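Comments concern the structure below.
The model shown is predicted, which means the values in this text are computed figures rather than measured ones. FYI, side chains are in, hydrogens and waters are out, and symmetry mates aren't considered; it's all heavy atoms of this structure.
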Number of protein chains: 2
Amino acid sequence: MAEMAEDGQGGGPRPGGAKGRPTLRTIAYMTGLGVTTVSRALNDAPDIGQATKERVRLVAGQIGYRPNRAGVRLRTGKTNVISLILSVETEVLGLTPHLVHGISERLAGTPYHLIVTPYDPRTDPLGPVRYIVETGSADGVIFSRIEPEDPRVRYLRERGFPFATHGRTAMDIVHPYFDFDNERYAEIAVRRLAARGRERLALLPPPANLTYCQHMSTGFARALDRLDLTEIPIREVTIDSAHEAIEAEVGRMMRSARRRPDGFVCGSASAAIAVISGAEAAGFEIGRDFDLAVKDSFHMMEKFRRQTVVIHEDFRAAGAFLADAVTRTLAGVPPGELQRIDVPPDA
Amino acid sequence: MAEMAEDGQGGGPRPGGAKGRPTLRTIAYMTGLGVTTVSRALNDAPDIGQATKERVRLVAGQIGYRPNRAGVRLRTGKTNVISLILSVETEVLGLTPHLVHGISERLAGTPYHLIVTPYDPRTDPLGPVRYIVETGSADGVIFSRIEPEDPRVRYLRERGFPFATHGRTAMDIVHPYFDFDNERYAEIAVRRLAARGRERLALLPPPANLTYCQHMSTGFARALDRLDLTEIPIREVTIDSAHEAIEAEVGRMMRSARRRPDGFVCGSASAAIAVISGAEAAGFEIGRDFDLAVKDSFHMMEKFRRQTVVIHEDFRAAGAFLADAVTRTLAGVPPGELQRIDVPPDA
DNA sequence: GTACAAATCTGAAACGATACAGTAAACCCG
DNA sequence: CGGGTTTACTGTATCGTTTCAGATTTGTAC
C-alpha cells in the first residue's frame, strides 16, 4: 500500500500556526480564543458575542478555513452526502446525465456532495438502501423506478431516513417526490394521435411493477374510451426490453392484420427508437402507415422522424427538485410540501 | 436544523456490547482482545498471530462489522472516494451514463465510493481539482476534456495526487489515461466515405483546445492526403456548439456550391444529429447527396439513418479502465502501466 | 453590598480508527 | 541459567469536530 502525499505528522503537540490545512485550532490560536468558542462562533451559536462571531468569521474567511468533513462526520454522524441510487439498467438516453446534472447543479454551493451508488434492480432492490442506512454513508438518498408498494420507501420511512423519489408510490406514506404526470402524458399522446386520424393504438409501457406503468396505462385506457378507439395490447415487451425484442415484437404486430396498430404511445425515447426501427424493418412508414408519440428530453426524434409526436419531459428539473427536496427534508421541511407532479402542457 | 435519527449518545463510557453499529470496541469486547489488536488483525498486520486473525475476522464477519469511514478518514486521511469531474456541458448522448456506470461497476466490491463533481469548463477548469486536493475530499480523480497542456494534469502531478484522464495530453508527464484512437477513427471514417465515392469531406471537430481535436484533425488530414481528397473546412462550429448553430452552418455549406461537402466526419453522435438535420433541412439527403461517419456508443444512428458510417466507441469500458487505473495507482502501480488506447477496428 | 441572572467564553470528553512505543511471555544460545 | 531476540499483544495519543458541564465576568435587583 503506497501512501501518497503523507504529511509526516510526528513531532509532539504542534502549535496553532501549523503548516497544513487550517483547522479550528488554527483559528483559535490566531484569535486567541478557545477552540470551542471558534466552533460555536462559526455555527452561529446564541451564546457567543456578536463581535467575536464577526472576528472569527473574518479570520476563517481570510485563511480559507473549511471544516474537515471527517471530523464533523465522526462527531455528529452528519455526512453531508446525498446518494443517488442508479439502476445499472441504464436508460441511456437522457435520464441519467440530466438527473445527475440537475442534482449536482442544485447541490453546488451547499455543503453536500453527490455520490452515485449503482444497483441491479433484478437481484438487489433493497441492497444499496440498506447499505447506506446501516453504514450511515449518506444523509439522504434519491432513487427512481418506484413501485406502488415500494419496499425501499417503507424501509427508509421506518428508520426515519430522509429520501426523495423520482416517481410515486401507491402507499399511504407521505414522502417527497418528483413525478411526471404519465397519465396525462398518455391522454395527450392518444389525443394527438387521434387528431391524426389514428384509431388502433398500442401502448409500449414501462415494466408492470413500476407505479408509472399504471399511471400511463390508466391515462391511455381512459383516453381510448373517451375517444372510442381500439387498443392493440402489447404483452411481451416493455420499454426495458432489449431493442431487438421490441423490434421483433413490433414487426410481428405490424405484419399481422389483426394486431396491426396505426399508432404507438411509447414510454421512453430509447424504446421509441426500437419501435420505429421495428416497424420500418417490416416495411411500414411513420406518418403514413402509423404515428408514434413519445416522451423525450432530447431533441432527437424531432430531427430524425419529424412526424413524431413529442412531449417533453425535463429530467434536469427533476434532479434539481429532488436534490432540493432531500436537503429541505434534512432542514426539517415536512414531506407533504416537497412533492411535485410535472404536468405536460396540452398544446 | 432538525436532527433526524439521532441516537442520544449520553450515558458515560458504554460497554463493548453497545446497541448501535459494531465498532472495533465491540469486537474487542467480544473477543477479549484489545482494540489495537483487533484493528491490526483486520488489517492483516504481521505481528498478530494467525489464530487470532482468524478468530477476529470470524467475529467481525458474524456481526457485520464495517469500518467507520469517518474514523479511518480522520485518522489516516484516506477517504476511499474517487471523484469523477464532469463538465456541465453534458455530452447528453451516451458518454456520461456509460462512463458513470463503467466506473461504478468497477468500484463495486471495493471500498471506494464514486462522487460526481460538476464544473463549468469555461469559467472554472481548475476549480474542482483544486477543491478536492485542498480539502482532501477524495483519494483520486478522473476527468475528461483533456488539453495538450492541461493545467489540471500539471497541478495534480506537482502535488502527487493520483488521477486518471479520459484522453491524453501532449506533456512529458507520464500518467494513467484511457483514450480512444481518434486519429485512427478519422482515418477509417475518411476511408469508408471514400469507398462510397465521396471526395469533398468536412470534419466537424471537437473544440480546438482539446487534445483529441488535434488527433482527429491529423488523422483526417492524413487520410485525405493519402486518398487525394478535398477538405472542406469548418471553422465556425464544433461538436460542442448548439445544435441550431451546427444546423445553420451545415445549411450554409450545403447551399454554397463552392463549400458543399459530400461527406462529413463527425466528432460526436450528438453533433451528427445536428449535421444530418441541417443538411436535410437544406434539401439534401444522406446516402444520396452526402454521407456521414460518426462515433457512437448507442445504436441510434444505425436505426434512423441506416446509411451512416458508424464506428463504435465504448465509454463503459473507458469508465471501467479509468476506475481501475486510479485504484491501482493508489495501490502503487506505476502510471506507465495504466495507459490504454482503444483502437477502433478497421472493418 | 449581596444575591441572582445573563452573557460569554472555555476545557475535557467523545466520536472510531490507527501509529507509536511499549510490555509480557516464550524461545534460543552458549 | 542469564542475556538477547522474537512473537504476540496492548495502552496512549491523535486526527478535527461538537457536546457537556462548568467558569468567569458583567449587569440587575433589592
Side-chain angles (χ1 to χ4, degrees), chain A residues 1 3 6-14 16 18 20-29 31-56 60 65-80 111 135-137, chain B residues 1 3 6-14 16 18 20-29 31-56 60 65-80 111 135-137:
Chain A
M1 297 293 155
E3 317 202 341
E6 197 65 27
D7 55 4
Q9 56 189 32
R14 71 214 190 151
R21 200 176 143 199
T23 71
L24 290 181
R25 270 249 293 270
T26 320
I27 303 178
Y29 177 79
T31 55
L33 296 164
V35 171
T36 303
T37 310
V38 174
S39 170
R40 297 184 60 68
L42 289 172
N43 289 325
D44 204 22
D47 64 349
I48 302 295
Q50 195 53 41
T52 306
K53 283 184 186 171
E54 275 158 24
R55 198 156 61 91
V56 167
Y65 168 76
R66 287 175 186 284
N68 179 306
R69 310 185 115 233
V72 175
R73 179 166 172 177
L74 182 56
R75 180 64 237 242
T76 65
K78 178 140 218 265
T79 63
N80 285 308
T135 64
S137 59
Chain B
M1 299 291 156
E3 317 202 338
E6 197 65 27
D7 56 4
Q9 56 188 31
R14 71 211 189 156
R21 202 175 141 199
T23 70
L24 290 181
R25 271 249 292 269
T26 320
I27 303 177
Y29 176 79
T31 54
L33 295 164
V35 172
T36 303
T37 310
V38 174
S39 169
R40 297 184 61 67
L42 290 173
N43 290 323
D44 205 23
D47 63 351
I48 304 293
Q50 195 53 38
T52 305
K53 282 184 187 172
E54 275 158 25
R55 198 157 60 92
V56 168
Y65 168 76
R66 287 174 185 284
N68 179 306
R69 310 185 118 235
V72 176
R73 179 165 172 178
L74 182 57
R75 181 64 239 243
T76 66
K78 177 137 220 256
T79 63
N80 284 307
T135 65
S137 59

*Give, for atom CG of B/Leu24 and atom OG1 of B/Thr31, the distance between the pair rounded to the nearest 0.5 Å.*
10.0 Å
*Considering only C/dA12, D/dA13, D/dG16, which nucleotide approaches the side chain of B/Leu74 most closely?*
D/dG16
*Nearest whole angstrom, please: distance from the C1' of C/dT10 to the CD1 of A/Ile27.*
17 Å
*So how far is it from A/Asn68 CG to A/Thr23 OG1, rounded to the nearest 0.5 Å?*
9.0 Å
*Looking for any heavy atom pair under 4.0 Å, which part of the strands does A/Gly34 touch: base, sugar-phosphate only, or nothing?*
sugar-phosphate
*Interatomic spacing from CD1 in A/Ile27 to OG in A/Ser39 - rounded to 0.5 Å*: 10.0 Å
_Check: A/Asp47 main-chain N/O paired with A/Arg40 side-chain donor or acceptor under 3.5 Å_ = no
*Tell me: CG of B/Asp44 to P of D/dA8, nearest whole Å?*
13 Å
*Looking at B/Asn68, does any N or O in its side chain come under 4.0 Å of the phosphate oxygens OP1/OP2 on C/dC15?*
no
*Between A/Arg40 (CZ) and D/dG22 (P), how many Å, whole number?*
16 Å
*Is any side-chain heavy atom of B/Val56 closer than 4.5 Å to a side-chain heavy atom of B/Ile48?*
no
*Indicate whether OP1 or OP2 belonging to C/dT18 is found under 4.0 Å from a side-chain N or O atom of B/Ser39.*
yes
*Which nucleotide in the set C/dT18, C/dT10, C/dA13 lies at the smallest distance from any side-chain heavy atom of A/Arg75?*
C/dA13
*Roughly how many Å is it from CZ in B/Arg69 to C1' in C/dC15, rounded to a whole number?*
17 Å
*Quickly work out the A/Lys78 NZ to C/dG16 C1' distance and round it to whole Å.*
20 Å
*Hey, which of these two, A/Val35 or A/Gln50, hits DNA chain C nearer its 5' end, going by closest nucleotide?*
A/Gln50
*Can you check the B/Asn80 CG to C/dG16 P distance for me, whole Å?*
18 Å
*Which nucleotide sits closest to the side chain of A/Thr37: C/dA13, D/dG11, C/dT10?*
C/dT10
_Rounded to whole Å, please give me the gap between CG in B/Leu33 and P in C/dA17._
15 Å
_The side chain of B/Thr52 is closest to which nucleotide in this list: D/dA8, C/dA17, D/dG11?_
D/dA8
*Value in whole Å for how far the C1' atom of C/dT10 lies from CD1 of A/Ile48*: 9 Å
*asked:* Applying a 4.0 Å non-hydrogen cut-off, can you work out what A/Asp47 is touching in the nucleic acid: base, sugar-phosphate, or nothing?
replied: base
